[in-house]
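Remarks on the structure that follows.
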Amino acid sequence: MTNKEVAKLLREVAAVYLLKEENRFRTIAYERAADTIDASTVDVEDLWKEGKLTSLPGVGSSISSYLEELFKTGEVKHFDSVRKKVPEAMFALLDIPGFGPKRALQLTKELHITSPKSAIDDLLRAAGQGKIARLAGFGEKSQKDIVESIQRFQKGQLKENRITLPVASVIADEVGEYLQRHRDVFEAIPLGSLRRQVATIGDIDFAVSTKNPESVLGWFLKYPKKQELIERGPTGASIVLTNGRQVDVRVQDPKTFGSMVQYFTGSKQHNIHLRELALKQGYSLNEYGIKPLTKSKSKKGYGNNYNKKKNLYEFQKEEGFYRFLGMHWIPPEIREDRGEIEASLANRLPELVKMQDIKGDLHIHTSYDLKPSHDLGSSDLKEILKYADVRKYEYVGISDHNPRVSEHSEIEILSIMKRRKSYYEQIYSSTKSTRVKLFLMLEIDILPDGKLALPQNSFAYIDAAIVSIHSVFNMDKSRMTQRILSGLSHPKAKILGHPTGRLLTKREGYDVDWDEIFTFCGKHNKALEINAYPQRLDLPDDLVRDAIRKGVRLVISTDSHDVTHMDLMRYGVSVARRGWAQKGDILNTLPYNKFKEWLIS
DNA sequence: GCCGTTTTCGGCCCGACTGTTTTCAGTCG
């Protein structure tokens, strides 16, 4: 059962509780648990198997025992009986944006919609006959809105409604550039999941600092790639682009910009926790600033300005906002309510790894044709060295795929590997201008039986190897784990490439016992890769954090198949930062000699 | 139903927008 399915089930239970006016905090609790599970990149069913369900924030003894029943038997008796209290067709409508439990229930009841399968079509038909507009609480406008909302939803479903971080970043850069062209815009920065650098992004949110919101919003609505307007108010607007992406813009005066940036960066759970904390200190938080619950408070020297009329402390920058609450500024990447607030209060925030710390890229495919098992790159070594030089790297690792084993004899592979080595050595020595050092590596398939797809005598021609899974992804957990451990056991296998094998928005990762992998890597000095390739971003951030906690070290690489891909490094760094990685956790922050010592040992 | 640097009981985040309303309910982020 996928996380999405589990989350949906919990949301349905929450919806019924809401309708039946149960304790409203119980409803909130179910919604919160659903949110956490939805956002978790670890499979919740796996967490259950490991007995760690309650480690998820919002999942306590009660929900975890229901989930246990769910995973064991495929159903939860209590949930079933709760769901039966309302017409089943209602749940089909909850997926549509703009539909909450109350409207969904009212519509299914009053329009006599009974089949979950045809519920959405039935609703569309009723709208076409003008039946919705006649219901209490509805009108012509809401009937029209419902039809449009359903159409957008159906279109979005076909398309896949989240995109990868790198894709979203490109769109956001364009929008940001456009917004900046307006002369009243002081600052325009992406917020929300984009600012937190989450691996997949839904909507793209922007904050704009300006003293002329009216004009700036007008400019935004004239964005050339706008397809339709969703809404517009005095403080913001939302549009859909021609590529189907929704972009939300919020405008605010520079003097309260810091609070807004903080507020809309989120995450939701981070902000909720922050507001609870503030309440205990006697303050209420909102996107305009910090409001004392009593009028007598007076606090100065936090980069704030006290607005007497509104009884509100205003902040130009986020730093002051956090400092006011007795905290250090928290990097957006870790604002997920996973302990960062406590760490900040205790002055124990990690010093997260930075782009400038990276000294080399170890996973680069070249155009040299060694009859590889998978795709070739499109750039040659000279281009790569030149680009690495521009990036001020000290070293690069060339990691082509291994030669195809099915089509070559061991002797042929040996000669291919020999030729490759001398070819690269010749190119490298003829590139006198470069300071960049070279590692001759290879990305080797771990075959289903755990063997590496390179004959033993060929290993003499490489410095070290990245080993990866590229076939037969559906093995059961223990066999897959053994397969990986067996591949990693070779003395020259130093790095596990794209460890989970996930392809964002396309394919889940394979089933692996991470504890076992982490323990092995820690003991034998192997590294896990954070692969920065847009569809991978693999190891995922939460596993990065688990790995680090277990003392495992990591390498951030781009898996470049073209010299321009080397620019993707920053996304790998983002993943590492989201996993609380510090410089010392990432091996390719080491200078050349130290790194070489680890790689060739 | 969850949770804990005041708590194992007694609390539990905040505002904007929309449509249908004459003062609010529902939904969203």
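Reckoned from all heavy atoms, side chains included, excluding hydrogens, waters and symmetry mates. The chains referred to below are lettered A, B, ... by the order of the sequence lines, with proteins before strands, and numbering in each begins at 1.
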Taking the minimum atom-to-atom distance to the side chain of A:R32, which one of B:dA16, B:dC3, B:dC17 wins? B:dC3
Closest-nucleotide 5' rank along DNA chain B - winner of A:S64 and A:G139: A:S64
Please state the P separation for the pair B:dT20 and B:dT27 - nearest whole angstrom. 14 Å
Checking all strands, does A:T235 fall into the base, sugar-phosphate, or nothing category for heavy-atom contacts under 4.0 angstrom? sugar-phosphate
Describe the nucleic acid contact of A:L279 in one word from base, sugar-phosphate, nothing, applying a heavy-atom distance below 4.0 Å. sugar-phosphate
When you check the phosphate oxygens OP1 and OP2 of B:dA16, does a side-chain N or O of A:Y263 lie under 4.0 Å from one of them? no
A:Y288, nearest nucleotide to its side chain (from B:dA16, B:dC14, B:dG29): B:dA16
Checking all strands, does A:N23 fall into the base, sugar-phosphate, or nothing category for heavy-atom contacts under 4.0 angstrom? base
Options B:dG15, B:dG19, B:dC2, nucleotide nearest the side-chain atoms of A:D145: B:dG19
Look at the rings of A:Y66 and A:F79 and say which category their plane angle falls in: under 30° parallel, 30 to 60° tilted, over 60° perpendicular. tilted
Taking A:D248 for the side chain and A:S238 for the main chain, is one N or O donor matched with an acceptor at less than 3.5 Å? no
Gap in Å between the two P atoms, one belonging to B:dC17 and one to B:dG11, rounded: 33 Å
Could you tell me the separation between the CG atom of A:L345 and the P atom of B:dT5, rounded to a whole number of Å? 10 Å
Sugar-phosphate, base or nothing in reach of A:R250, heavy atoms under 4.0 Å: nothing
Distance, C1' atom - from B:dT8 to B:dC3, rounded to whole angstrom: 9 Å
Contact class for A:L285 (heavy atom, under 4.0 Å): base, sugar-phosphate, or nothing? sugar-phosphate
Any side-chain N or O of A:S142 less than 4.0 Å from the OP1 or OP2 oxygen of B:dG19? no
Tell me which of A:A136 and A:S62 sits closer to the 5' end of DNA chain B, going by the nucleotide each one is nearest to. A:S62
Tell me which residues in residues 98-113 of chain A put a heavy atom below 4.0 Å from DNA chain B, sorted by number, or none. A:G98, A:F99, A:G100, A:P101, A:K102, A:R103
In whole angstroms, how far is the P atom of B:dC3 from the CD1 atom of A:I272? 13 Å
Tell me what A:E287 touches on the nucleic acid: a base, only sugar-phosphate, or nothing, going by heavy atoms under 4.0 Å. sugar-phosphate
For the residue pair A:F324 and A:Y283, categorise the inter-ring angle as parallel (less than 30°), tilted (30 to 60°) or perpendicular (more than 60°). perpendicular
Between B:dC14, B:dG19, B:dG29, which one does the side chain of A:N286 approach most closely? B:dC14
How many whole angstroms separate atom CZ of A:R232 from atom P of B:dT18? 11 Å
Please state whether the rings of A:H78 and A:Y17 are parallel, tilted or perpendicular, taking 30° and 60° as the class boundaries. tilted
Are A:D80 and A:K84 close enough for a salt bridge, meaning some N to O gap below 4.0 Å? no
Checking A:R83 against A:F91: charged group under 6.0 Å from the ring centre and within 45 degrees of the axis? yes
Roughly how far apart, to the nearest Å, are B:dT5 and B:dG1 at atom C1'? 24 Å
